[in-house]
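Structure first, then comments.
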Amino acid sequence: MMSPGMVFPAKRTTAQANTPDAETPANNRTTAQQLLPVQQYASEVAEFLRTHKSASVVIIVSDTGSGKTTQIPQILTDKIFDDYFGGPKRKIAVTQPRRVAAVSVATRVAQEFGCKLGEEVGYSVRFDDMSNPQTKIKYMTDGMLVREAQTAWMLEEYNMIILDEVHERSLHTDVLLALTKKASVRRRKFFDRQDKEACAPLKILLMSATMDIERMRTFWKDAPVLYIPGKTFPVTIKYMPAPVDDYTHTAMVAVFQIHREEDPGDILVFLTGQEEIEEMVRRCRQVAKSLPPQQANIQFVPLYAGLTNEAQMRAVSQTAASAHNGHATMRKVIISTNVAETSITIPGVKYVIDSGRAKHKVFTSATGMEVLKVEKISQAQAWQRTGRAGREQAGVCYRLYTEADFNCWPQHPIPEILRCNLSTVLLQVVEMGIEKPLAFPFFDRPEEENLQAAVDQLEWLGALTQKVESGDLVVETTADGKLMAQFPVDPKYARCILRARAHRCTEELLTIVAMLSSDSPFINPAASRTAAAAAHEKFSSNEGDHVVLLNVWRAFRDQKKGNVKASRAWASQNYINLRNLERAEKVRNQLREVCVRKKIDLSSCGGNTTAVRRSLSEGLFMSAAERLPDGSYITVDTRQTVFLHPASCLFKTKPACVVYGTLIRTAKLYVRELCLVEADWIDAVGKEYFLAMRQRMAEKLAGKTTSAAVVAEKGETSDAMEVDGKNADSVI
DNA sequence: TTGTGGTGT
């Protein structure tokens with residue numbers, strides 16, 4: 001067992017500049033604490049907006065705690081709404097990357113505004129719309145606004161779109177950056193030329209933390225910028241004098257050092273994942289047992305998104321200030337993933353310990369492969385973590401890396417739009433009437449290869465057609481594509497639903513696709529793994545994991561005829577996560593509504609699971625794999641060696657041919673969410689696709705005679721290719 | 001024979 005030791009030099013008294021906002025001229029910390037900075041600057045904000053009344057885009061920059069999200073929309077409605085916008089008065093949309101934020105901010109603003117939530121001030125998030133036609137300020141998730149744009153891409157319902165937390169660069173915020181840019185130009189032209197009563201110009205307000213402002217100004221042709229100081233307290237930064245190998249161990253030593261030497265205040269530790277966190281919590285509790293009685297006032301709580309709401313609440317709720325051991329107060333140590341970076345705010349934190357790492361998902365369009373790996377975070381993320389120590393009082397951030405290391409890290413994380421499968425977004429954008437998706441004004445343009453891969457994939461799925469007109473790629477959605485765009489799921493699953501019409505099993509496919517859109521219904525607690533596996537056995541199938549999901553759903557639905565209590569008991573006995581199933585139910589209802597609206601036949605196949613598998617094969621044919629003699633598999637299109645994931649119900653039976661939902665590299669290159677299919681089915685639906693892929697591979701190989709290409713030709717694993725410093729993408 | 005960073009329609 002480790003012994004608590006000293007990892008950091010003695011306490012330094014000088015507070016260093018803590019966040020980038022300390023450098024902005026407007027920043028000072030002598031503000032009256034009862035007022036939010038924006039309230040103090042209200043007249044300046046109003047003046048700024050009035051001065052730039054003719055600008056279609058303005059930028060407001062501010063860090064945590066300025067109150068910009070709650071106050072600025074109110075300033076717009078209170079002070080200048082009447083004369084600020086030309087044309088008829090409609091709504092202000094304020095987008096948020098997270099639903100909880102949209103809901104909670106709207107609730108607070110409705111109170112301040114003195115109206116009932118859902119009237120002048122409201123919100124709109126998936127499954128929950130609290131707004132009406134008279135709503136003036138509508139908080140919404142960015143994804144929700146993208147959805148709305150699909151039917152009205154010029155966003156005529158709004159006078160102004162406020163994009164909040166732009167610096168986070170969420171996928172949908174990036175889509176909106178491009179879309180609103182296009183819409184504002186079009187609306188301006190429309191307004192100038194035509195009926196001024198029918199359509200007002202569209203104003204855009206970007207709200208961001210202090211970063212990347214110059215690039216943003218360039219993108220928006222020198223948009224005016226207003227800086228507002230945030231309200232945070234100074235945070236002292238302490239770096240490691242030398243690099244550490246074992247950051248978990250170092251984090252533990254730091255925790256106990258702080259506990260021994262520093263003032264009261266909770267500690268927030270940033271690690272990378274559930275397993276690592278549970279392990280550290282366990283070891284900390286062990287060490288705490290041997291602390292002297294006067295130091296026993298310490299407790300450890302894990303925090304990650306996979307926890308139940310109750311467990312998350314336990315981590316977030318304020319430490320009971322009640323005396324412990326007669327006099328000392330309890331110190332709480334929250335050991336968390338990056339969920340505590342932005343999504344969850346924890347009161348009472350005075351110390352942050354930052355491992356400097358996080359798990360990131362990387363997607364490769366050429367192979368459809370995902371990798372989830374631990375990587376160094378960006379400087380912006382490090383500042384975000386640091387800021388968590390200064391919300392209520394001055395704090396300290398212990399960085400488990402050297403200053404020299406930190407200075408070498410990238411300034412910003414890679415935006416999501418550059419590291420995800422673009423097919424869903426692309427179909428949405430095309431359905432808005434954007435015919436030349438390669439010319440869409442992305443703030444950060446995805447690699448053309450990735451965009452083209454998404455276009456190709458959508459074409460193979462029958463969602464669109466593409467052609468080249470005077471050098472530009474022009475695409476158009478097909479009738480099926482228009483239907484597919486209606487479903488809020490990956491287009492390949494939308495295609496499965498559409499194919500289910502022919503096989504008379506749309507009800508079953510709705511269930512399966514809804515279940516795939518939600519987190520797994522299975523709970524596998526480490527302590528009772530055998531019991532859980534035994535309980536799950538009754539849902540098993542030799543036809544694949546999709547049929548297993550269907551079985552779970554049917555059991556759940558039959559249970560639901562009973563009462564809530566019975567439902568809970570059933571879930572607990574069967575190691576089933578009820579929350580995830582209830583979410584799947586909501587998704588299913590939404591998908592079903594799309595079918596009703598679009599007059600898509602709803603039919604059920606009963607026990608005929610062949611029809612179900614056939615439908616799946618026709619949407620997932622691009623993700624097919626065949627068994628090799630040694631029990632491994634090879635993907636039919638890109639000829640990569642892959643392995644069935646051991647958690648799949650087909651792991652043992654190893655059928656000759658499967659389609660899969662995801663291809664992910666962890667210990668090996670695994671395929672998951674497997675469905676047993678006949679090779680004939682795949683050939684029938686994917687013949688042209690496989691021919692085209694084979695031809696493309698041959699062309700690439702002809703052009704490249706590197707050893708990597710030869711290895712790829714033999715169908716070796718991409719491991720072998722990586723030895724050459726290449727990967728499968730470079731040869732396919 | 002494995003494993004789930006985090007969002008969202």
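Everything numeric in this text was worked out from a predicted model, so none of it was measured.
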Just to be sure I understand the rule, does [X] reach a base, reach only the sugar-phosphate, or reach nothing, if contact means heavy atoms closer than 4.0 Å?
X: A/Arg169; answer: nothing
X: A/Leu372; answer: base
X: A/Ser343; answer: sugar-phosphate
X: A/Asp142; answer: nothing
X: A/Phe487; answer: nothing
X: A/Gln150; answer: nothing
X: A/Ala305; answer: sugar-phosphate
X: A/Val374; answer: nothing
X: A/Arg98; answer: sugar-phosphate

Quiz item: Can you name the residues that form a side chain to side chain donor-acceptor pair (under 3.5 Å) with A/Thr173, not counting sequence neighbours?
Solution: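 With neighbours one apart ignored, the set is A/Asp142, A/Ser170.
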
Exercise. Give the ring-plane orientation class for A/Tyr575 versus A/His536, where under 30° counts as parallel, over 60° as perpendicular and anything between as tilted.
Key: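 Aromatic pair A/Tyr575/A/His536 classed perpendicular.
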
Practice problem: Tell me which of A/Thr424 and A/Glu275 sits closer to the 5' end of DNA chain B, going by the nucleotide each one is nearest to. | Solution: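 Closest to the 5' end, via its nearest nucleotide, is A/Glu275.
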
Self-check item: Given DNA chain B, 5'-ward residue of the pair A/Gln590 and A/Arg419, judged by closest heavy atom
Solution: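 Result: A/Arg419.
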
Practice problem: Could you tell me from which nucleotide to which nucleotide of DNA chain B, 5' to 3', there is an atom under 4.0 Å from chain A heavy atoms? | Solution: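 Extent of the interface on DNA chain B: B/dT1 to B/dT9.
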
Quiz item: A/Gln274: what forms a side-chain contact (heavy atoms from CB on, under 4.5 Å) with it, not counting sequence neighbours?
Solution: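 With neighbours one apart ignored, the set is A/Glu278, A/Tyr304.
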
Quiz item: Can you list every side chain to side chain donor-acceptor pair (under 3.5 Å) pair that touches residues 97-106 of chain A, not counting sequence neighbours?
Solution: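 For residues 97-106 of chain A, and leaving out neighbouring residues, the side chain to side chain donor-acceptor pair (under 3.5 Å) pairs sorted by first residue read A/Arg98-A/Glu168.
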
Quiz item: Taking only residues two or more places apart in sequence, or in another chain, which ones meet A/Arg588 in a salt bridge (Lys or Arg N to Asp or Glu O under 4.0 Å)?
Solution: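 Salt bridge (Lys or Arg N to Asp or Glu O under 4.0 Å) list for A/Arg588, sorted by chain: A/Glu507.
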
Quiz item: With A/Phe539, which residues qualify under ring-ring contact (aromatic ring centres under 6.0 Å, His included), at least two apart?
Solution: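 For A/Phe539, no residue satisfies ring-ring contact (aromatic ring centres under 6.0 Å, His included) once neighbours in sequence are set aside.
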
Exercise. Have a look at A/Ile334 and tell me which of A/Ile344, A/Val316, A/Leu303 forms a side chain to side chain contact (heavy atoms under 4.5 Å, CB included) with it.
Key: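 Only one of A/Ile344, A/Val316, A/Leu303 forms a side chain to side chain contact (heavy atoms under 4.5 Å, CB included) with A/Ile334, namely A/Leu303.
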
